[in-house]
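Right, one structure below, let's go through it.
Naming: A, B, ... by sequence-line order, numbering from 1 per chain.
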Amino acid sequence: MRLSPAVRLSEYFMPTLKENPSEAEIASHRLMLRAGMVRQASAGIYSWLPMGFRVLKKIEQIVREEQDAAGANEVMMPTIQSADLWRKSGRYDDYGKEMLRITDRHDREMLYGPTNEELITDIFRDGARSYKDVPQMLYHIQWKFRDEVRPRFGVMRGREFYMKDGYSFDLTVEDGIKSYNKMFASYLRTYARMGLKVIPMRADTGPIGGENSHEFIILADTGESEVFCHSDFLGLDPLAEKTDYKADLQPIVDKWTAMYAATEEMHDQARFESEVPEDKRISARGIEVGHIFFFGDKYSAPLGAVVQTSDDKQVPVQMGSYGIGVSRLVGAIIEACHDENGIIWPEAVAPFKVGLINLRTGDDACDKACEDIFAKLQVMGVEVMYDDRSERAGVKFANMDLIGLPWQLVVGPKGLANGVVELKNRKSGEKQELPLDKALELVAG
RNA sequence: CGGGGUAUGGCGCAGUCUGGUAGCGCACCUGCUUUGGGAGCAGGGGGUCCGAGGUUCGAAUCCUCGUGCCCCGACCA
């Protein structure tokens with residue numbers, strides 16, 4: 001999907017709010033409403049307005065690229081599923097009220113999918129017969145619905161949410177772990193590309209048990225749960241070297257699981273203190289932005305997803321599932337990246353890279369200079385939002401800080417008279433007056 | 001699902017106790033003056049006061065029953 005490379009604010013739909021809506025408690029929820037990214041449709045259900053939708057699509061695209069790079073194949077499954085499938089896995093009765101159940105005109109029982117293990121297993125079972133059909137990894141990015149008792153925190157804990165979920169299919173447990181490791185490595189890259197510091201933490205595997213389940217957590221003051229980890233995690237960079245998915249990825253997994261990291265539920269204070277030197281101990285708030293899980297034949301066995309081995313046996317495939325909360329990430333990134341004035345987008349997910357501010361719309365020199373810059377940025381392939389409205393300077397500055405584009409290019413009559421424009425970096429707050437060419441160069445870099 | 005709040009114009013709120021036919025700030029529209037960090041003056045538009053019953057000459061206000069939304073907890077991507 002191609003996003004519009006440039007917009008004029010006078011023609012855009014970005015209803016910003018000066019005051020905080022009373023229903024929004026945490027920063028990301030407040031800022032998303034104030035910046036005109038989303039509007040609540042009902043509890044835990046949101047409409048995505050143009051700018052919020054752009055960010056959602058950018059995150060989705062990064063997820064997609066990294067899934068593809070790891071060798072997963074994209075599919076698209078429906079939001080509405082049949083109850084029959086869920087009866088086979090036994091989850092139709094287990095899932096409880098969180099599952100939104102629907103009856104169609106023929107009184108057939110349907111449901112709005114809260115997840116897709118059953119459907120994907122059914123699809124795989126239908127299309128794979130032989131050990132030669134594995135390994136296989138399938139993923140899709142789709143809306144899901146869980147009828148949470150208490151939705152909150154805006155899009156971070158909505159009832160309807162956009163999620164990437166992937167599934168791996170292998171012949172043996174050993175191969176299954178290899179697939180798990182691929183996803184582990186690709187997740188590290190995915191979050192790093194979004195400008196996030198992510199820490200994999202051993203997750204509670206529940207009744208199934210086993211070592212192979214990790215939650216991917218980012219640190220943010222307003223995070224939902226308490227986490228404990230070694231501070232050296234923050235110095236690791238998953239993008240420092242290329243990830244070779246054909247190679248053995250166990251060293252990468254080992255490197256990222258060697259140091260102590262645990263959520264509240266899994267935390268062991270004694271171990272924490274013995275394994276991590278005092279000055280390296282981080283105890284902070286975290287937000288879960290992904291979860292990976294190897295669960296063997298839990299679904300393949302009851303649903304009959306078997307393949308034939310080279311010695312003529314039928315064996316259920318070994319499966320894993322891998323989730324990334326795409327819509328949740330929009331909120332999570334804001335939680336990790338904002339200040340008192342508004343959002344501070346990491347460049348990779350920013351709705352636009354540059355905000356072009358015309359300080360005096362209607363002034364010939366300013367209008368002409370801005371139109372020229374607006375056109376040049378498009379030629380350079382730099383996504384730009386041009387504030388061409390006849391608002392006062394203060395309004396434009398405040399608005400641009402609120403929506404948090406990485407760069408603000410400010411064009412006013414005073415600067416133009418001296419042959420300069422002002423370039424402000426939203427993150428550092430640093431402002432510099434530069435000749436236009438120089439400013440464009442910096443922005444493009 | 002337990003506990004607590006709240007519902008008045010697009011947003012934030014007052015008015016409810018003590019009933020008399022709705023108000024303030026922001027936003028919006030028009031005009032003039034302004035113009036480098038959320039302008040000033042003047043004029044203007046917009047509200048079934050969450051819903052349904054009831055009490056009353058009269059209900060945003062009192063009573064009853066619903067509903068939406070938010071917060072804390074338990075639960076979760």
Side-chain angles (χ1 to χ4, degrees), chain A residues 15-26 29-30 33-34 36 39-45 59 63 95-99 113-116 141-166 187 203-204 206 213-218 223-225 263-265 286-293 321-332 341-342 357-363 366 387 389-403 408 410-418 420-422 424 429 431 433:
Chain A
T16 56
L17 301 171
K18 206 161 158 181
E19 290 173 273
N20 286 321
S22 60
E23 81 248 27
E25 196 73 0
I26 63 164
H29 192 193
R30 275 202 313 267
L33 290 170
R34 283 194 54 205
R39 284 293 181 264
Q40 180 165 310
S42 61
I45 303 178
I59 293 170
V63 170
Y95 220 95
K97 289 191 165 179
E98 291 206 343
M99 179 187 278
T115 178
N116 287 66
I141 303 173
Q142 178 63 288
W143 291 97
K144 298 192 167 26
F145 193 90
R146 288 182 198 168
D147 199 357
E148 296 277 348
V149 190
R150 178 150 105 87
R152 63 186 118 169
F153 305 149
V155 300
M156 295 246 290
R157 175 101 181 264
R159 291 195 292 170
E160 188 180 48
F161 55 98
Y162 201 46
M163 183 177 174
K164 186 285 296 186
D165 47 318
Y187 272 40
D204 189 359
S213 177
H214 288 91
E215 289 178 358
F216 287 77
I217 304 272
I218 62 169
E224 52 198 335
S225 54
T263 57
E264 232 167 336
E265 306 84 58
I287 301 171
E288 182 185 345
V289 290
H291 196 160
I292 63 177
F293 208 135
S321 86
Y322 313 93
I324 292 181
V326 176
S327 51
R328 161 176 277 203
L329 268 166
V330 180
N341 295 320
I357 296 180
N358 185 341
L359 282 184
R360 202 171 297 175
T361 305
D363 175 272
C366 288
D387 191 347
R389 299 171 303 167
S390 7
E391 289 289 349
R392 301 173 61 82
V395 173
K396 295 188 178 187
F397 287 133
N399 241 274
M400 208 52 95
D401 283 347
L402 172 64
I403 68 174
Q408 297 174 13
V410 183
V411 177
K414 289 181 197 163
L416 284 183
N418 299 318
V420 295
V421 294
E422 184 184 285
K424 175 179 165 183
K431 296 180 203 171
E433 299 216 315

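As a whole-Å value, the separation of Leu33(A) CG from C70(B) C1' is 13 Å. Rounded to whole Å, the distance from CG on Leu416(A) to P on G36(B) is 15 Å. Atom C1' of nucleotide U35(B) and atom CD of Glu391(A) are separated by 12 Å, given to the nearest angstrom. For the pair Arg30(A) CZ and C70(B) C1', the interatomic distance rounds to 14 Å; values are reported in whole Å.
Taking atom P in both C71(B) and C13(B), the straight-line distance is 14 Å, to the nearest Å. Between G20(B) and G58(B), the distance separating the two P atoms is 15 Å to the nearest Å. Distance noted for atom P between U18(B) and C63(B): 10 Å (whole Å). On the C1' atoms, G66(B) is 14 Å away from A7(B), given to the nearest whole Å. For the P atoms, the distance from U48(B) to C70(B) is 23 Å, rounded to whole Å. If you take atom C1' in G10(B) and the same atom in C28(B), they sit 9 Å apart, rounded to whole Å. With both ends at atom C1', the span from G15(B) to G25(B) equals 15 Å, rounded to whole Å. Rounded to the nearest Å, the gap between the C1' atom of A14(B) and that of G9(B) is 14 Å.
Contacts of Gly323(A) with the nucleic acid, taken as non-hydrogen atoms under 4.0 Å apart, are absent. Heavy atoms of Thr115(A) sit nowhere under 4.0 angstrom from any nucleic acid atom. Using a 4.0 Å heavy-atom cutoff across all strands shown, Glu19(A) reaches at least one base atom of the nucleic acid. Among the heavy atoms of the strands lying under 4.0 Å from Pro413(A) is at least one base atom, whether or not backbone atoms are also near.
Proximity of Asp387(A) to Met400(A): side-chain heavy atoms (C-beta onward) are separated by under 4.5 Å at one or more points. For the pair Arg159(A)/Ser42(A), a side-chain contact is recorded, criterion being any heavy-atom separation below 4.5 Å from C-beta on. By the 4.5 Å heavy-atom criterion applied to side chains, Tyr162(A) and Ile59(A) are not counted as neighbours.
Nucleotide G43(B) forms a Watson-Crick or G-U wobble pair with C29(B), both donor-acceptor distances falling under 3.5 Å. In this structure, U55(B) forms no base pair with any nucleotide, since neither Watson-Crick nor G-U wobble geometry is met with both distances under 3.5 Å. Under the Watson-Crick or G-U wobble criterion, with both distances below 3.5 Å, G2(B) is paired with C72(B). Across all strands shown, G36(B) has no partner, as no Watson-Crick or G-U wobble contact with both distances under 3.5 Å is found. Using the Watson-Crick or G-U wobble rule with both distances under 3.5 Å, G12(B) pairs with C24(B). Checking G66(B) for Watson-Crick or G-U wobble geometry (two distances, each under 3.5 Å) identifies C50(B) as its partner.
Without hydrogens or angle criteria, Ser327(A) side chain to Val155(A) main chain gives no donor-acceptor distance under 3.5 Å.
The aromatic rings of Phe216(A) and Tyr187(A) sit tilted, their planes meeting at an angle between 30° and 60°.
Heavy-atom minimum distance, His291(A) versus Ser213(A): NE2-OG, 3.1 Å. Lys396(A) and Glu391(A) get closest at one heavy-atom pair: CE-O, 3.6 Å.
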Nucleotides 37-50 of chain B: protein proximity per nucleotide (B base, S sugar-phosphate only, - neither; heavy atom, under 4.0 Å): BBB-----------
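Comparing Ile26(A) and Glu433(A) by the nucleotide of RNA chain B that holds the closest heavy atom to each, the one mapping nearer the 5' end is Glu433(A).
Across C69(B), G36(B), C1(B), the shortest atom-to-atom separation from the side chain of Lys97(A) is found for C1(B).
A donor-acceptor pair shorter than 3.5 Å cannot be found between the side chains of Gln142(A) and Asp165(A).
A salt bridge links Arg328(A) with Glu224(A): at least one charged nitrogen is closer than 4.0 Å to a carboxylate oxygen. Taking the charged nitrogens against the carboxylate oxygens, Lys144(A) and Glu160(A) have no contact shorter than 4.0 Å, which rules out a salt bridge.
The side-chain contact (heavy atoms from CB on, under 4.5 Å) test applied to Ala417(A) returns no partner, not counting sequence neighbours.
Residue Ser22(A) places at least one side-chain N or O closer than 4.0 Å to OP1 or OP2 of C13(B).
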Could you list, one pair per line, each protein nitrogen or oxygen that sits under 3.5 Å from a nitrogen or oxygen of nucleotides 75-77 of chain B, together with the distance?
from, atom 1, to, atom 2, distance (Å)
C75(B), O2, Arg157(A), NH2, 2.7
C75(B), N3, Arg157(A), NH1, 3.3
C75(B), N3, Arg157(A), NH2, 2.8
C75(B), N4, Arg152(A), NH2, 3.1
C76(B), O2, Arg157(A), NE, 3.1
A77(B), O3', Glu288(A), OE1, 2.8
A77(B), O3', Glu288(A), OE2, 2.2
A77(B), O2', Arg328(A), NH1, 3.3
A77(B), N6, Gly158(A), O, 2.4

